[in-house]
Amino acid sequence: MEESYEGLADAGALTSRGLQESFLCSYFMEGVFMPIHNADIAAVLEEIADLLEIENANIFRVRAYRNASHILQELGKDVRTMVEQADDLTKLPGIGDDLAHKIQELVETGHCTMLDKLHQQLPATVTELLKIPGLGPKRVRALYHELDIRTMEQLQRAVRNHRIQTLPGFGEKTEMRIADALAKHAADMGRFNLAVAAQYAEPLASWLRKLPGVQQVVVAGSYRRARETVGDIDILITAAPNSQVMKRFCSYDEIAETLSQGPTRSSVVLKNKLQVDVRVVRPESYGAALHYFTGSKSHNIAIRRLGRAQGLKINEYGVFKAGARVNGETEESVYQLVGLPFIPPELREDRGEIEAARDGRLPRLIELSDLKGDLHVHSKASDGHDTLEAMAQAARQHGLEYLAITEHSSRLAVARGLDPVKLAKQIDMIDCLNEKLPDITLLKGIEVDILKNGKLDLPDWILGKLDLVVGAVHGSFGLSRARQTERILRAMDHPHFTLLAHPSGRLIGKRESYDVDMLRIIRKAKERGCYLELNANPKRLDLVDIYCQIAKDEGVLVSIDSDAHSVFDFDNLRFGIGQARRGWLARQDVLNTRPLEALRPLLRRTM
DNA sequence: GCCGTTTTCGGCCCGACTGTTTTCAGTCG
């Protein structure tokens with residue numbers, strides 16, 4: 001499992017950009033209050049932790065900063081608002097007087113005195129060097145103090161001149177490794193979309209299952225937690241001792257490079273640049289190892305801490321008391337020993353799941369089989385690839401009872417969007433099909449463009465003939481937060497508006513979310529009796545997890561839709577379910593788990 | 001720097017692999 005504290009990428013509007021210089025400068029522009037997001041503060045705390053670690057500070061002090069950074073990233077509340085309301089920040093776990101003051105300073109001034117002081121000792125750029133695998137704080141410190149290396153470019157030059165291997169503690173191999181890592185860093189080995197990773201992980205797992213001596217094979221790590229992107233693939237294998245499984249694994253045809261290889265643990269890079277870590281344990285350690293290898297890191301730390309308080313030591317081999325193994329054969333046994341019920345992998349982010357488990361508040365998470373319909377699909381009539389009838393049959397094969405046909409509207413010309421006349425024709429077609437198809441009901445819908453001014457791209461007379469109206473933003477992504485939010489709120493005020501599709505507009509790894517106040521949108525949905533979509537397309541997975549959780553808390557139903565453009569796209573629903581589970585959603589929190597007769601009244605606006 | 005069913009001081013999650021060592025530090029997961 002990748003070990004950097006995660007969550008930024010999942011945080012939607014809490015974008016992953018750090019606290020950039022330009023942002024700091026513009027924080028207090030004349031008369032304009034620039035927002036500071038939790039992610040920005042978290043980035044500062046993370047940088048302080050990096051710098052302190054390079055300066056060889058007490059590791060627990062470093063950990064306190066990292067921990068606080070993590071807390072802010074995962075916090076469902078806006079810290080800026082908390083400061084403005086004079087809330088007591090020390091009530092947050094891991095935040096004491098000192099960190100509370102630093103956070104307050106950041107919110108109020110956009111600066112952190114301590115970070116400024118650290119920058120006088122160490123240039124900000126050295127923390128970049130930590131991103132090179134093989135370079136940790138100690139080596140970065142040596143590189144800076146001994147060779148005055150502070151940037152990637154300087155590191156590159158030192159490698160070329162073979163100056164690295166002259167340093168004590170460094171050798172020829174280390175230098176070569178750094179050279180290698182630098183080349184890869186330049187090639188930008190990013191994270192893999194979950195759906196892409198699945199295409200490599202699942203065949204590899206199947207191949208491993210056929211090896212002699214292998215008993216169980218599970219893809220663990222962030223993949224098992226259904227994160228929208230994964231940095232690597234973690235595979236747990238149980239096998240009898242002395243089986244040659246690791247040796248055999250390293251002969252897998254797709255491996256481009258072996259990073260490390262031991263009897264119980266190996267890391268390789270596949271030809272597509274995806275890193276795979278494999279761990280082999282004995283069957284009696286299966287549960288403890290699976291728990292350990294599923295992560296997240298912060299969840300594991302919290303669980304070990306709980307165990308420790310009860311005199312237990314938890315590692316990947318089992319749960320131990322006074323040196324004697326107590327259990328660990330199943331994940332359930334690990335949780336049981338620390339006094340908790342089983343926590344589903346998707347919740348294991350140290351985001352309140354442990355407290356919820358302790359208090360018996362864990363939701364019974366939604367499953368794929370709970371879905372009764374899909375409220376957002378396309379056919380050949382706009383930019384889909386298959387006929388209405390083919391889409392209906394495919395939906396039926398996926399166990400769905402109803403399917404809303406929601407073509408694009410005319411504004412989206414590139415997608416051959418429908419004008420009122422064409423839409424009227426499709427409405428008639430759907431009526432005919434519904435008489436013909438016995439096992440599934442087609443609903444009449446549209447994915448109508450929300451125009452820049454918040455109006456909908458089709459006239460009311462035609463919208464009024466539909467079962468549901470799915471609104472979506474497909475352009476003018478660059479509006480200010482205020483204007484973008486107003487645009488969407490206005491659309492939701494429309495009496496025919498039912499459902500907001502892909503609410504943040506992001507494309508994972510390709511396009512950031514547009515800047516929008518999602519909390520206001522969620523509250524508007526509650527007020528107006530409409531819904532938010534969780535788009536199951538693995539490139540979108542939008543609504544993101546923390547906003548699913550907030551929608552649930554605010555009492556707004558989420559609709560998990562495939563946005564299918566072909567009969568194959570219904571398979572994507574499983575990714576939507578993964579994200580929904582990460583967002584704590586249960587069956588009752590999801591609109592399209594309702595059978596058709598229960599759904600229909602919910603689609604009719606009463607306000 | 002944080003925190004308290006052992007505690008306001010003394011702890012703080014745990015182990016594998018590599019390279020440069022000659023018993024272990026550094027890094028990573």
Side-chain angles (χ1 to χ4, degrees), chain A residues 1-6 45 48-49 52-54 56-71 89-103 114 129-143 164-165 167-178 181 220-222 231-236 246 258-268 275-281 285 288-289 291-320 328 334 338-339 350:
Chain A
M1 96 198 83
E2 70 274 23
E3 286 298 309
S4 60
Y5 280 116
E6 302 162 350
L45 297 178
I48 290 175
L52 284 175
E53 201 170 10
I54 294 169
N56 208 14
N58 180 320
I59 192 63
F60 297 108
R61 189 176 167 219
V62 172
R63 203 177 282 175
Y65 280 95
R66 280 200 214 291
N67 184 41
S69 174
H70 173 68
I71 297 287
L89 296 179
T90 64
K91 291 256 165 66
L92 298 173
I95 310 287
D97 285 338
D98 184 272
L99 280 164
H101 278 116
K102 290 194 170 79
I103 293 168
M114 180 191 182
L129 302 177
L130 291 171
K131 290 184 185 150
I132 298 293
L135 288 188
K138 302 288 186 293
R139 287 183 178 150
V140 167
R141 178 179 162 81
L143 289 170
I164 306 289
Q165 50 177 297
L167 288 179
F170 290 74
E172 203 176 335
K173 284 196 175 167
T174 305
E175 188 177 83
M176 276 167 56
R177 219 176 136 210
I178 293 173
S222 45
D232 59 20
I233 292 291
D234 303 291
I235 298 182
L236 174 68
M246 199 56 99
T258 302
L259 299 175
S260 69
Q261 187 186 342
T264 69
R265 166 175 224 152
S266 294
S267 290
V268 303
Q275 183 171 328
V276 180
D277 299 329
V278 171
R279 192 73 194 256
V280 182
V281 298
S285 297
H291 181 259
Y292 158 77
F293 222 22
T294 296
S296 65
K297 179 184 175 183
S298 41
H299 174 88
N300 287 355
I301 289 174
I303 293 294
R304 283 179 189 154
R305 197 180 287 140
L306 265 184
R308 205 183 164 78
Q310 297 165 48
L312 300 169
K313 186 170 79 165
I314 302 173
N315 60 27
E316 57 264 57
Y317 300 110
V319 182
F320 300 86
V334 176
V338 295
D350 194 20

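Every chain is numbered from 1, with letters handed out A, B, ... down the list of sequences. In this text, all values refer to a predicted model and were calculated from it rather than measured experimentally.
- Look at the C1' atom in both B:dT23 and B:dC17: the space between them is 16 Å, to the nearest Å.
- Taking A:D98 as the reference, A:K102 meet the salt bridge (Lys or Arg N to Asp or Glu O under 4.0 Å) condition, with sequence neighbours excluded.
- Rounded to whole Å, the separation between the C1' atoms of B:dA25 and B:dT20 comes to 9 Å.
- Residues A:P137 and A:N56 fail the side-chain proximity criterion, which asks for heavy atoms closer than 4.5 Å.
- Distance A:L135 CG to B:dG29 C1': 17 Å, rounded to the nearest Å.
- When heavy atoms are screened at a 4.0 angstrom cut-off, A:G307 is found touching no nucleic acid atom at all.
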Write out a two-atom table: protein N or O, nucleotide N or O from nucleotides 22-25 of chain B, distance below 3.5 Å.
none

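- A:Q165 has no side-chain polar atom (N or O) that falls below the 4.0 Å cut-off from OP1 or OP2 of B:dG19.
- Residue-level contact check: A:R139 touches the backbone only, with heavy atoms under 4.0 Å from sugar-phosphate atoms and none from bases.
- Distances from the side chain of A:K102 to the nucleotides B:dT27, B:dT20, B:dG1 place B:dG1 closest.
- A:E172 comes within contact range of the sugar-phosphate backbone alone, with a heavy-atom separation under 4.0 Å but no base atom that close.
- Within the nucleic acid shown, A:I303 has no heavy atom closer than 4.0 Å to any nucleic acid atom.
- Comparing B:dT8 with B:dC14, their P atoms sit 22 Å apart, to the nearest whole Å.
- Of the two residues near DNA chain B, A:L167 and A:I132, the one whose nearest nucleotide lies more 5' is A:L167.
- For the pair A:N300 CG and B:dC28 P, the interatomic distance rounds to 19 Å; values are reported in whole Å.
- Within the 4.5 Å cutoff, the side chain of A:H291 has heavy atoms near those of the A:H299 side chain.
- Nucleotides B:dG1 and B:dT6 are separated by 27 Å at their P atoms, to the nearest Å.
- Each of A:P168 and A:S266 was matched to the nucleotide of DNA chain B holding its nearest heavy atom; the match closer to the 5' end belongs to A:S266.
- A heavy-atom distance below 4.5 Å is found between the side chains of A:V338 and A:I314.
- Here the closest heavy-atom approach between residue A:L99 and residue A:A64 is recorded as CD1-O, 4.0 Å.
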Please tabulate the protein-to-nucleotide N/O contacts below 3.5 Å involving nucleotides 14-16 of chain B, giving atom names and distances.
residue	atom	partner	partner atom	Å
B:dC14	OP1	A:R308	NH1	3.3
B:dC14	OP2	A:R308	NH1	2.8
B:dG15	OP1	A:K313	NZ	3.1
B:dG15	OP1	A:N315	ND2	3.0
B:dA16	OP1	A:Y317	OH	2.9
B:dA16	O3'	A:T264	OG1	3.4

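- Closest approach to the A:S260 side chain among B:dG1, B:dT20, B:dC17 is made by B:dC17 (side chain taken as heavy atoms from C-beta onward).
- A heavy-atom distance below 4.5 Å is not found between the side chains of A:M246 and A:T264.
- Summarising the base pairing, B:dT27 is matched to B:dA16 through a Watson-Crick or G-U wobble pair whose two defining distances lie under 3.5 Å.
- Counting any heavy atom pair closer than 4.0 Å across all strands shown, A:R305 reaches sugar-phosphate atoms only and no base atom.
- Under the 3.5 Å distance criterion, the side-chain polar atoms of A:N300 are matched with a main-chain donor or acceptor of A:Y292.
- Between the P atoms of B:dT27 and B:dT21, the separation comes to 14 Å (whole Å).
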